[in-house]
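One structure is given below, encoded as structure tokens.
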Amino acid sequence: MREKVDVLLKEALIKISGAADSVGLNDLRVKYLGRNGELTALLKGLKDIPPQDRPAAGKIINEAREAIEEALKHKEEQLKAQEKQRRIEAERVDITMPGKRQALGTLHPLNIVKNEIVDIFTSFGFELCDGPEIEFDYYNFQALNIPKDHPARDMQDTFYINDNILLRTHTSPTQAHVMESRKPPIRILSHGKVYRSDDDATHSPMFHQIEGLVIDTDISLCDLKGILDEFARGIFNENTKTRFRPSYFPFTEPSVEVDVTCSMCGGEGCRLCKGTGWIEVLGAGMVNHRVLLNCGIDPEKYGGFAFGLGIERITMIKYGIPDMRLLFENEVRFLSQFRKGR
Ligand code: PHE
């Protein structure tokens, strides 16, 4: 019996000390000490040996059992310590490494300028209105006094979807929708993307407009001039002056084009204003009586004015941006220059 136990014990101790991990160790525990384990089998076999030999044999087996348990415990502690060490190595953090910078975004310059424009006009009581970008020919042109085959259609190179449906060429159709559905007084801004078949340094096939419309009793060109003067001072600077030149739009009569003194040179003449001291910024006029009639408003009772401007154009003038395409390429070095608090 002693020999058998010694062989078993020796084998067990070697295997335990060579166990690679806690799973392997547990297998060994089962192999020797489990209910069907090898040492357990020897204990069970005690009943087959003569009774006088049993105490001695039992003692030998129990000592072996204690030795194996001790070895298992020792090995388990060792493995645990190793695993902990490995985890510490794997999760090592170098606290002296520089942190990862969180890149801060910024509003796009077009949104910055749009928000400024909207702030100025909402402070005058204008309400911001949306309309569809895919529009009926009727609202984009006919309601605004531009019949089919009218030469003024050439002013707005149009993307047609079919004979009656197109990508809006300006945000004025939103104004027609509002006039049709509301009663005066009306004081709204229409805004959003517009589309024209045009593409160069100062034109893009998609650009953004904001247009204003006021319909009420006793509205004159002076009201228009007063509001646009305020706007020019608000969006450029306090010293900005405006100049109204006679122009033509089918939907306004009279129509004007509005220039402002150059925000870069203050009117002296420079690269931005091509030496003239003035920069054209928007179109405007008194709403044509035909447009009022088309939209169900009595021109004997009500009148109004409208104006329209391109946000890209205002942004380019305000920041001296030479090429409109910079506004659409979204190059981060360009955009980050508009970050507040720079
Ligand atoms: N809708 C015109 C355009 O896009 C701008 C405009 C609006 C002119 C209102 C006069 C009055 O060209």
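Remember, it's 1-based here, ligands and their atoms both numbered in the order they're listed. For reference, positions follow the sequence shown, starting with 1.
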Phe251/His170 under ring pair (Phe, Tyr, Trp, His ring centres under 6.0 Å): CA gap, chis, key distance, verdict | CA-CA 12 Å; Phe251 27 86; His170 48 181; 5.6 Å; yes
Looking at ligand 1, does Gln175 have a heavy atom less than 4.0 Å from it?
-> no
Going by heavy atoms, is Phe251 under 4.0 Å from ligand 1?
-> yes
Pair His150-Asn145, side-chain donor/acceptor within less than 3.5 Å = no
How does Phe307 reach ligand 1, if at all, at less than 4.0 Å between non-hydrogen atoms: by side chain, backbone, both, or neither?
-> backbone
Only pairs at least two apart or in different chains count here, so list each salt bridge (Lys or Arg N to Asp or Glu O under 4.0 Å) that has a residue in residues 173-185.
-> Glu127-Arg182
Ligand 1 to Ser172, heavy atom cutoff 4.0 Å, flagged ligand atoms 1 (N)
Mark up the atoms of ligand 1 that fall under 4.0 Å of a heavy atom belonging to Arg196, in ascending order.
-> 3 (C), 4 (O), 12 (O)
When the ring centroid of Phe307 is compared with that of Phe231, is the distance short of 6.0 Å?
-> no
Hits for salt bridge (Lys or Arg N to Asp or Glu O under 4.0 Å) against Glu280, two or more places apart or cross-chain, chain-then-number order -> Arg245
Given the side-chain rings of His191 and Phe126, with only the six-membered ring counted for Trp, is the space between their centroids under 6.0 Å?
-> no
Which of the atoms in ligand 1, numbered in the order shown and given with their element, are less than 4.0 Å from a heavy-atom of Gln209?
-> 3 (C), 4 (O)
Touching ligand 1 at all, Glu257? Heavy atoms, strictly under 4.0 Å?
-> no
